[in-house]
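Residue numbers begin at 1 in each chain, while the letters A, B, ... track the order of the sequences.
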Number of protein chains: 2
Amino acid sequence: MSLTTEPDSRPRLKALRAEGVWQGQMKTRLQVRDFAPFYTGEPERVGGDDSAPTPMEYVVAALNGCVAVVVETVAAELGLRIDGMRIESEATMDRRGFLGTADVTPHFTQLTNRIRFTTTEQPERLEELQRQVVRRCPALNLVQDAGVPVTLDWSVEEVRAS
Amino acid sequence: MSLTTEPDSRPRLKALRAEGVWQGQMKTRLQVRDFAPFYTGEPERVGGDDSAPTPMEYVVAALNGCVAVVVETVAAELGLRIDGMRIESEATMDRRGFLGTADVTPHFTQLTNRIRFTTTEQPERLEELQRQVVRRCPALNLVQDAGVPVTLDWSVEEVRAS
C-alpha cells in the first residue's frame, strides 16, 4: 500500500477553461488562456455568416489533435518510431436533433477517424499502439462514451526509407 | 402520413470533416474546409511547446460556441430578446486516464457551463430557453451522453435599459 507500489492511487486533476463572448449572427469569440482568440460560426443557411468553422467541426478537429498526442505518447512508451501522421476525421449529424423536430441525438450519429502513418514499424506493432490509444485518448473516449459508433481506419501510407 | 404532417420523419444528415497533419512535439496543424489552419498543442510538462490550446481545451471552447448557437436559435423561436452573452466553461480531467495508470475516464470528470445574459427577459422565460438548449445542443449532449456530470450556472448579469 505504499506510494511506491501504487503511485497513481491519487487523482491527478487538471482544470480546463475557455471563455466566450457571443457576437450575434451565430458567431462566438473564444479564448483559452492567453492564446489568440478564435471564432466559431455557422453557415448562412442557419443564420450565420460562414466566417469560421462550426463548433462541432472544432470538436472533430480537436479529436484529430488529441489522437495525435496520444499516439505520440504511446509510441514513445512502446519504443515505436513514427515519422509522420496524416489524420482525418469525418462525422455525421442528423440536424433534426438540433432543430428539435425528432427524437434523435443532436450530436454525432457516427464518426470515422483515419490515420495514415509514415513509419517503418510493422503493422502488428501498430495494433498495440491503437489498442492503447483507444483506451487512453480523451476525445476519442468522449465520443465513444456518448454512444457514437466510431470507426478507426489506420494504416501505413508510406514506409520512409531508413 | 403525408410529408406535410410529418416533415421530419426523414433524417437530415450533415457531414463534418477535419484534416490534420502531426507536426511532432505534441502539435497538430488542423484544417476545416477552406478556413485558416489552426493548431493544437500541449504544455511543456507533457512534451509540447505550449504554443496553442490543447485539444480538450478546444472541445471546452467549442462547447461555449455551440451553446451560444442553440441559445440564439431557441431564443428566436420563443421570441426572447437576448442582447448579450458571456459564456465560460470549466472542466476537470484526471490525468491518470490519459497516462493509462488508473482505470478512470481519460476525458472530463465534470463540466460547468456558466452564462451571463444581458437581457430584459424575465427569469421564468429563460427557464424554457434552458430546457430546450439542454435537449438540443450538440456539444452539451455529447458531454452529457458521455456520462460527464454537467452543471449549468446561467443567470442574468445585466438588464439593458430598453
Side-chain angles (χ1 to χ4, degrees), chain A residues 8 11-22 26 28 30 32 35 38 40 42 52-53 55-62 64-66 68-70 72 84-98 100-102 105-107 132 135-139 141-142 145-147, chain B residues 8 11-22 26 28 30 32-33 35 38 40 42 52-53 55-62 64-66 68-69 72 84-98 100-102 105-107 132 135-139 141-142 145-147:
Chain A
D8 279 286
R12 298 196 184 191
L13 300 183
K14 174 186 175 183
L16 298 84
R17 187 162 171 274
E19 295 182 344
V21 180
W22 175 57
M26 303 293 171
T28 301
L30 296 157
V32 172
F35 295 117
F38 59 99
T40 51
E42 289 288 337
M56 295 307 276
E57 283 177 328
Y58 267 108
V59 172
V60 172
N64 289 345
C66 200
V69 166
V70 186
E72 184 176 341
M85 272 188 271
R86 290 195 309 119
I87 312 161
E88 179 185 287
S89 291
E90 286 185 350
T92 309
M93 293 171 68
D94 185 337
R95 296 187 63 248
R96 294 177 301 168
F98 160 71
T101 54
T105 179
H107 57 73
Q132 292 221 27
R135 186 168 65 88
R136 291 164 53 180
C137 176
N141 278 275
L142 185 71
D145 289 354
Chain B
D8 280 285
R12 297 195 183 192
L13 300 182
K14 174 187 175 182
L16 297 83
R17 186 161 171 275
E19 295 181 345
V21 180
W22 175 56
M26 304 292 174
T28 301
L30 296 157
V32 173
R33 291 184 272 157
F35 295 116
F38 59 99
T40 50
E42 290 288 337
M56 295 308 274
E57 284 178 326
Y58 267 107
V59 172
V60 172
N64 290 345
C66 199
V69 166
E72 185 177 341
M85 273 187 271
R86 289 195 310 119
I87 312 161
E88 180 185 287
S89 292
E90 285 185 353
T92 309
M93 291 171 69
D94 185 336
R95 296 185 64 249
R96 294 177 301 168
F98 161 71
T101 55
T105 178
H107 57 73
Q132 293 221 28
R135 186 168 65 88
R136 291 163 53 181
C137 177
N141 278 275
L142 185 71
D145 288 354

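- Interface remark: Leu30(B) contributes side-chain atoms only to the contact with chain A (heavy atom separation under 4.5 Å).
- Across Pro53(B), Cys137(B), Ala15(B), Cys66(B), the residue that shares the most heavy-atom pairs under 4.5 angstrom with chain A is Pro53(B).
- Taking a cutoff of 4.0 Å between a charged side-chain nitrogen and a carboxylate oxygen, Glu19(B) and Arg86(A) do not qualify as a salt bridge.
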- Message: Using the rule given for side-chain contact (heavy atoms from CB on, under 4.5 Å), can you reason through Met93(A) versus His107(A), listing the C-alpha separation, both sets of side-chain angles and the distance that settles it, and then say yes or no?
- Response: CA-CA 6 Å; Met93(A) 293 171 68; His107(A) 57 73; 5.5 Å; no
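- Looking only at heavy-atom pairs under 4.5 Å with chain B, the residue among Ala102(A), Gly97(A), Ala68(A) that has the most is Gly97(A).
- The distance from atom CG of Asp8(A) to atom OG1 of Thr101(B), rounded to the nearest 0.5 Å, is 3.0 Å.
- Considering only heavy-atom pairs separated by less than 4.5 Å from chain B, the leading option among Val59(A), Val70(A), Val60(A), Val69(A) is Val69(A).
- Note on Val21(A), Thr28(A), Leu13(A), Thr40(A): by heavy-atom pairs under 4.5 Å with chain B, the leading option is Leu13(A).
- For chain A, the nearby part of Arg33(B) is the side chain; its heavy atoms alone come within less than 4.5 Å.
- Interface summary for chain B: among Gln132(A), Glu88(A), Arg135(A), the most heavy-atom pairs under 4.5 angstrom belong to Glu88(A).
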- Could you go through the side-chain contact (heavy atoms from CB on, under 4.5 Å) check for Thr105(A) and Asp145(B) one step at a time? CA-CA 9 Å; Thr105(A) 179; Asp145(B) 288 354; 4.1 Å; yes
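- Taking OH from Tyr58(B) and CZ from Phe38(A), the interatomic distance works out to 5.0 Å, rounded to the nearest 0.5 Å.
- If you measure heavy-atom distances from Phe35(B) to chain A, the contacts under 4.5 Å come from the side chain alone.
- Not counting sequence neighbours, the partners of Arg96(A) by the side chain to side chain donor-acceptor pair (under 3.5 Å) test are Asp94(A).
- Among the candidates Ala62(B), Ala139(B), Ala18(B), the residue making the largest number of heavy-atom pairs closer than 4.5 Å to chain A is Ala18(B).
- The shortest non-hydrogen separation linking Met56(A) to Leu142(B) is CE-CD2, 4.5 Å.
- Of the atoms belonging to Glu42(B), it is side-chain heavy atoms, and not backbone ones, that fall under 4.5 Å from chain A.
- Between chain B and the residues Arg95(A), Glu72(A), Glu90(A), Arg17(A), the most heavy-atom pairs under 4.5 angstrom are made by Glu72(A).
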